[in-house]
Amino acid sequence: MRVLVTGGAGFIGTHVVAALAARGHEPVVLDLRPFPSAESVRGDVRDREAVAGALRGAGAVCHQAAMVGLGKDFADAPEYVGVNDLGTAVLLAAMAEAGVRDLVLAGSMVVYGEGRYDCPEHGRVRPGPRPVAALEAGRFEPGCPLCGRELTPGPVDEDAPPDPRNVYAATKLAQEHLAAAWARATDGRAVALRYHNVYGPGMPRDTPYAGVASFFRSALQRGEPPRVFEDGRQRRDFVHVRDVAAANAVALEAVRGRAPGLLTAYNTGSGTPHTVGDLAAALAAAHGGPEPVVTGEFRLGDVRHITADSGRLRAELGWKPEVGFAEGMREFAR
């Protein structure tokens, strides 16, 4: 099948293109950057003519194009909304006109805000944003919003209510809403893969929009220690980019058999939480040092703990991650 991959020259997109080609599909890339190893159209996802041209002959779309990361400050908001939400709207309108009815959307775990928390007295609770005063004092763990007691973090599933905490998160949730509206209006079929912390070969580096794994590796390659914010005990789910690409290929093939008019969301993570400190230590060890430094710094908009329950993706689509944390970190450090 001919598949349009928006953002196909990007970090995750290149791996999605490879995974689709390996399964016998014909990927076509739409990206601002050239992509020499597959048919490609150079253009912006916000450009209606470029999108319409790239869609010719396509039977489905993997929508990876996005502005990612927490960014520098709120001045980035118009660009985030333009690329992520306007771009998605332009793509979906073109799909409706072209009669393309199958979509796999690159979603994100950031739509949840904080992960799942349990209070020993009040059960499942949803803590609000952490106060600046608490962060400045080094109190990083959110307390129970009802009694203030220490909470136990756990994996979040797809039925958790969204609670985006920054501009990027808000745009990723808006993408899902747009895709759901498109599916209802056109009898389309959509899957949103809510990626957790993706890392691996080809990850962008030395940019404020890169992920924490990239920051740490860049520091090590400069001979500097990775600088770990807060106390390093923030829990995340680090999932290898090849596993994420495989999830896209599996979802693309599965969505065609779904009932029309619906969007289904799937967490896409390794299922094994690690702390940010674990990540820094594993990369430093694989690289041969220097050792990480825990700084106590923080960023507003960051959440404390967010890890995935990816059981739905495993049970319904038969996907499972293949690259373990230790193996992936050794490869990434090189």
Side-chain angles (χ1 to χ4, degrees), residues 7 9-16 64-73 76 79-80 83-84 106-113 115 164-169 171-172 193-222 224-230 232-245 247-248 267-270 272-284 286-287 292 294-295 297-308 310 321 323 325 327-334:
F11 164 47
I12 297 175
T14 56
H15 290 271
V16 171
Q64 308 293 319
M67 185 174 177
V68 301
L70 192 58
K72 293 177 287 187
D73 53 43
D76 291 327
E79 191 170 2
Y80 272 109
V83 174
N84 296 356
S108 175
M109 54 84 183
V110 295
V111 301
Y112 298 119
R165 298 288 177 89
N166 54 59
V167 171
Y168 171 61
T171 65
K172 296 306 288 184
L193 297 176
R194 291 174 177 168
Y195 302 160
H196 280 245
N197 290 72
V198 186
Y199 73 96
M203 195 173 189
R205 53 180 294 178
D206 302 327
T207 163
Y209 304 96
V212 65
S214 179
F215 294 150
F216 290 166
R217 186 183 65 174
S218 292
L220 289 164
Q221 290 177 338
R222 294 192 302 267
E224 301 170 1
R227 294 176 59 83
V228 181
F229 280 15
E230 301 188 16
R233 296 175 185 169
Q234 312 93 301
R235 288 159 55 95
R236 297 291 188 269
D237 187 325
F238 299 101
V239 58
H240 196 277
V241 66
R242 288 196 296 272
D243 287 329
V244 168
N248 273 271
N267 288 334
T268 308
S270 72
T272 306
H274 289 87
T275 67
V276 174
D278 291 339
L279 170 71
L283 282 174
H287 191 269
V294 177
T295 70
E297 297 170 90
F298 62 88
R299 298 190 306 176
L300 288 178
D302 273 347
V303 297
R304 179 61 174 173
H305 304 296
I306 177 68
T307 59
S310 299
V323 183
F325 181 77
E327 173 193 354
M329 289 299 148
R330 285 193 298 268
E331 177 195 38
F332 186 57
R334 296 193 297 270

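As the structure is a computational prediction, the values presented were derived from the model and not from experiment.
A donor-acceptor contact under 3.5 angstrom links the side chains of Asn267 and Tyr112, judged on distance only. In summary, the side chains of Thr171 and Asn84 do present a donor paired with an acceptor at a separation below 3.5 Å, with no hydrogens or angles considered. For His240 and Glu331, the side-chain atoms include at least one donor-acceptor pair closer than 3.5 Å. A donor atom on one side chain and an acceptor atom on the other are found under 3.5 Å apart for Ser270 and Asp237.
Every salt bridge (Lys or Arg N to Asp or Glu O under 4.0 Å) that Asp302 has, sequence neighbours left out, goes to Arg299.
Distance check: Phe216 CZ to Gln221 CD gives 14.0 Å after rounding to the nearest 0.5 Å. The distance from the CG atom of Asn166 to the CG atom of Asp76 is 11.0 Å, given to the nearest 0.5 Å. Distance check, rounded to the nearest 0.5 Å: CG of Asp278 to CG of Leu283 gives 11.0 Å.
Judged by the 6.0 Å and 45° rule, Arg217 forms a cation-pi pair with Phe332.
The aromatic rings of Phe325 and His274 sit parallel, their planes meeting at an angle under 30°, below the 60° perpendicular limit.
For Glu79, the CD atom sits in a loose shell: 12 or fewer heavy atoms of surrounding residues, nucleotides or ligands are nearer than 6.0 Å.
Between the side chain of Ser218 and the backbone N or O of Ser214 there is at least one donor-acceptor pair closer than 3.5 Å. Although no hydrogens or angles enter the test, the distance criterion places a donor-acceptor pair under 3.5 Å between the side chain of His15 and the main chain of Pro201. The backbone N or O of Met109 sits nowhere less than 3.5 Å from a side-chain atom of Lys172 that would complete a donor-acceptor pair. Side-chain N or O atoms of Tyr80 include one that pairs as donor or acceptor with a backbone N or O of Val68 at under 3.5 Å. No side-chain donor-acceptor contact under 3.5 Å links Gln64 to the backbone of Val16. Distance alone, capped at 3.5 Å, places no donor-acceptor pair between the His305 side chain and the Gly115 backbone.
Across all their heavy atoms, Gly113 and Ile306 have their closest contact at O-CD1, 4.0 Å. Across Thr307 and Pro273, no two heavy atoms sit closer than the pair CG2-CB, 3.6 Å. Of all the heavy atoms in Gly269 and Pro321, the pair that sits closest is O-CG, 4.4 Å. Closest of all the heavy-atom pairs between Ala286 and Ala333 is CB-CB, 3.5 Å. Minimum heavy-atom separation, Pro204 to Ala210: O-CB, 3.5 Å.
For the salt bridge (Lys or Arg N to Asp or Glu O under 4.0 Å) with Glu230, the lone residue among Arg236, Arg304, Arg235 that qualifies is Arg304.
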If you apply the rule side-chain contact (heavy atoms from CB on, under 4.5 Å), what do you find for Thr295 with Val228, and how did you get there? CA-CA 6 Å; Thr295 70; Val228 181; 5.9 Å; no
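Inter-residue side-chain proximity for Val241 and Tyr199 is flagged as unmet; no heavy-atom pair is nearer than 4.5 Å. The side-chain heavy atoms of His196 and Thr268, taken from C-beta on, include no pair separated by under 4.5 Å. Between Val276 and Phe229 there is no side-chain heavy-atom pair separated by less than 4.5 Å. Using a 4.5 Å heavy-atom cutoff, the side chains of Val244 and Ile12 are in contact.
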